[in-house]
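One structure is given below, encoded as structure tokens.
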Amino acid sequence: MSSVANSTNIFWHECPIGKVDREKLLNQQGCVVWITGLSGSGKSTLACSLDRQLHSRGKLSYVLDGDNLRHGLNKNLGFSPEHRVENIRRVGEVAKLFADAGLICIASLISPYRKDRDACRALLSEENFIEVFLNMPLELCEGRDPKGLYKLARAGKIKGFTGIDDPYEPPLSCEIELQQKDGICPTPTEMAGEVVTYLEDKGYLIAHHPVITNQLI
Ligand SMILES: Nc1ncnc2c1ncn2[C@@H]1O[C@H](COP(=O)(O)OS(=O)(=O)O)[C@@H](OP(=O)(O)O)[C@H]1O
Ligand SMILES: Nc1ncnc2c1ncn2[C@@H]1O[C@H](COP(=O)(O)OP(=O)(O)O)[C@@H](O)[C@H]1O
């Protein structure tokens with residue numbers, strides 16, 4: 001997939017209503033919660049649980065799920081390294097738009113390459129990209145195998161399956177890491193609750209208030 005820019009003579013058009021105006025309307029701050037992990041680690045389940053918890057608090061969120069986007073926007077992409085890079089790039093750009101719209105955008109994709117996740121982070125200001133690593137062992141994911149894909153990959157019927165014969169590069173430093181405790185996986189509700197607490201503590205669930213300085217004239 002070529003990364004050479006094809007558009008020339010293009011200009012950015014600024015609109016008078018900006019992100020902060022939309023955030024005031026929604027009483028929240030637009031950001032991207034990027035959930036990464038192996039197939040079967042629970043990304044979609046966590047994304048939906050988080051979406052539901054935010055919704056019940058009156059917060060506007062939207063899930064961009066890798067599997068779902070491959071039915072439409074990314075239907076022309078497969079799982080070669082080049083196509084995965086393009087998949088993540090596109091979703092990163094869409095997520096950026098959703099965050100700019102003032103939404104809490106929840107992206108759940110394997111996103112196996114560190115460089116690509118970091119490139120998505122770089123699209124946003126640093127604090128608006130919250131990387132959530134669903135750090136579940138391969139054995140657990142493979143044991144779940146809800147779609148039977150690990151079985152097919154082990155049988156050699158799917159080539160280049162993440163974790164089997166394709167790499168997964170764990171984050172080196174992410175905002176939230178979720179893992180098993182004493183060999184037990186927390187429930188989706190518990191994990192989503194952890195993310196909501198993070199968002200709350202960091203102030204994403206209220207609008208930005210301008211800093212008022214008491215300047216003496
Ligand atoms: N070769 C291979 N490797 C990994 N996954 C595969 C593959 N082929 C199909 N699938 C199915 O595609 C889902 C992953 O799509 P993503 O867009 O999240 O993948 S990626 O981020 O571009 O790597 C993934 O969904 P999840 O299980 O929800 O992660 C699989 O169902
Ligand atoms: N926290 C959890 N505890 C137990 N089972 C889970 C948990 N999260 C997800 N699952 C189950 O694991 C399987 C894979 O979850 P899914 O969300 O589809 O993962 P992914 O999107 O990463 O492929 C599903 O059958 C789901 O019901």
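One-based numbering, in listed order, for ligands and for the atoms of each. Quantities reported herein were computed from a predicted structural model and do not represent experimental measurements.
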Regarding ligand 1, does Gly160 bring an N or O atom to under 3.5 Å of one of the ligand's N or O atoms? yes
Close N or O approach (Lys43, ligand 1; < 3.5 Å): yes
For ligand 1, does [X] get within less than 4.0 Å through its side chain, its backbone, both, or neither, judged by non-hydrogen atoms?
X	value
Leu77	neither
Asn87	side chain
His83	neither
Phe161	both
Leu38	neither

Between [X] and [Y], is any pair of side-chain heavy atoms under 4.5 Å apart?
X	Y	value
Met191	Glu194	no
Asn68	Val63	no
Gln180	Pro137	yes
Leu64	Val32	no

List the atom pairs, donor and acceptor, that lie under 3.5 Å between side-chain atoms in residues 151-162 and the rest of the protein, sequence neighbours left out.
from: Arg154; atom 1: NE; to: Glu142; atom 2: OE2; distance (Å): 2.7
from: Arg154; atom 1: NH2; to: Glu142; atom 2: OE1; distance (Å): 2.9
from: Lys159; atom 1: NZ; to: Gly156; atom 2: O; distance (Å): 3.2
from: Thr162; atom 1: OG1; to: Arg84; atom 2: NH1; distance (Å): 2.8
from: Thr162; atom 1: OG1; to: Arg84; atom 2: NH2; distance (Å): 3.4

Of the non-hydrogen atoms in Ser39 and Tyr150, which two are nearest, and what is the gap between them?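 Minimum heavy-atom contact is O-OH, 2.6 Å.
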Provide the closest heavy-atom pair for Gln53 versus Val196 in the form atom of the first, atom of the second, distance.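 Between these two residues, the closest heavy atoms are OE1-CG2, 3.6 Å.
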Looking only at protein heavy atoms, which one is nearest to [atom], and what is the separation?
atom	result
atom 18 (O) of ligand 1	Ile110 N, 3.0 Å
atom 21 (O) of ligand 1	Ser111 N, 2.8 Å
atom 6 (C) of ligand 1	Phe79 CE2, 3.4 Å
atom 15 (O) of ligand 1	Arg70 NE, 3.4 Å
atom 13 (C) of ligand 1	Asp67 OD1, 3.5 Å
atom 3 (N) of ligand 1	Arg84 NH2, 3.1 Å

Please say yes or no: joined through hydrophobic side-chain contacts below 4.5 Å, possibly via intermediate residues, are Leu178 and Ile35 part of one cluster?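 Cluster IDs for Leu178 and Ile35 match.
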Cluster question for you: counting only ILVMFWY and a side-chain heavy-atom cut-off of under 4.5 Å, with indirect links fine, are Tyr62 and Leu123 together?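 Different clusters: Tyr62 never reaches Leu123 through Ile, Leu, Val, Met, Phe, Trp or Tyr contacts under 4.5 Å.
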Out of curiosity, [X] [atom1] to [Y] [atom2], how far, rounded to the nearest 0.5 Å?
X	Y	atom1	atom2	result
Leu60	Asp51	CG	CG	9.0 Å
Ser41	Tyr168	OG	OH	7.5 Å
Ile10	Thr8	CD1	OG1	8.0 Å

Mark up the atoms of ligand 1 that fall under 4.0 Å of a heavy atom belonging to [X], in ascending order.
X	answer
Thr162	3 (N), 4 (C)
Gly40	27 (O)
Gly66	17 (O), 18 (O)
Pro112	21 (O), 23 (O)
Leu109	17 (O), 18 (O), 21 (O)
Ile88	21 (O)

Who gets closest to atom 31 (O) of ligand 1 by heavy atom: Arg144, Lys147, Lys159?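 Checking each option, the heavy atom nearest atom 31 (O) of ligand 1 is found in Lys147.
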Would you indicate which of Ser39, Pro146, Pro81 comes nearest to atom 27 (O) of ligand 1 when only heavy atoms are counted? Ser39
Is Glu86 salt-bridged to Arg89, going by a charged N under 4.0 Å from an acidic O?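 Salt bridge: yes.
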Under 4.0 Å between a Lys/Arg side-chain N and an Asp/Glu carboxylate O for Glu175 and Arg121?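 Counted as a salt bridge, because a side-chain N and a carboxylate O are separated by less than 4.0 Å.
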Below 3.5 Å, can you tabulate the donor-acceptor pairs from side chains in residues 11-18 to any protein atom, sequence neighbours excluded?
from: Trp12; atom 1: NE1; to: Glu14; atom 2: OE1; distance (Å): 3.3

Establish, for the pair Arg70 and Phe79, whether the NZ or CZ atom is under 6.0 angstrom from the six-membered ring centre and no further than 45 degrees off its axis.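 Arg70 over Phe79 ring: yes.
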When the side chains of residues 94-113 are checked against the rest of the protein, which donor-acceptor pairs come out under 3.5 Å, sequence neighbours left out?
from: Asp100; atom 1: OD2; to: Arg22; atom 2: NH2; distance (Å): 3.2
from: Ser108; atom 1: OG; to: Asp65; atom 2: OD1; distance (Å): 2.8
from: Ser111; atom 1: OG; to: Trp34; atom 2: NE1; distance (Å): 2.9
from: Ser111; atom 1: OG; to: Thr36; atom 2: OG1; distance (Å): 3.4
from: Ser111; atom 1: OG; to: Leu109; atom 2: O; distance (Å): 2.9
from: Tyr113; atom 1: OH; to: Asp166; atom 2: OD2; distance (Å): 3.4

Below 4.0 Å from any atom of ligand 1, is there a heavy atom belonging to Leu149?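 For ligand 1, residue contact (heavy atoms, under 4.0 Å) with Leu149 is present.
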So if I only count non-hydrogen atoms and take anything under 4.0 Å from ligand 2, which residues does that give, chain by chain? Leu38, Ser39, Gly40, Ser41, Gly42, Lys43, Ser44, Thr45, Arg144, Pro146, Cys185, Pro186, Thr187, Pro188, Met191
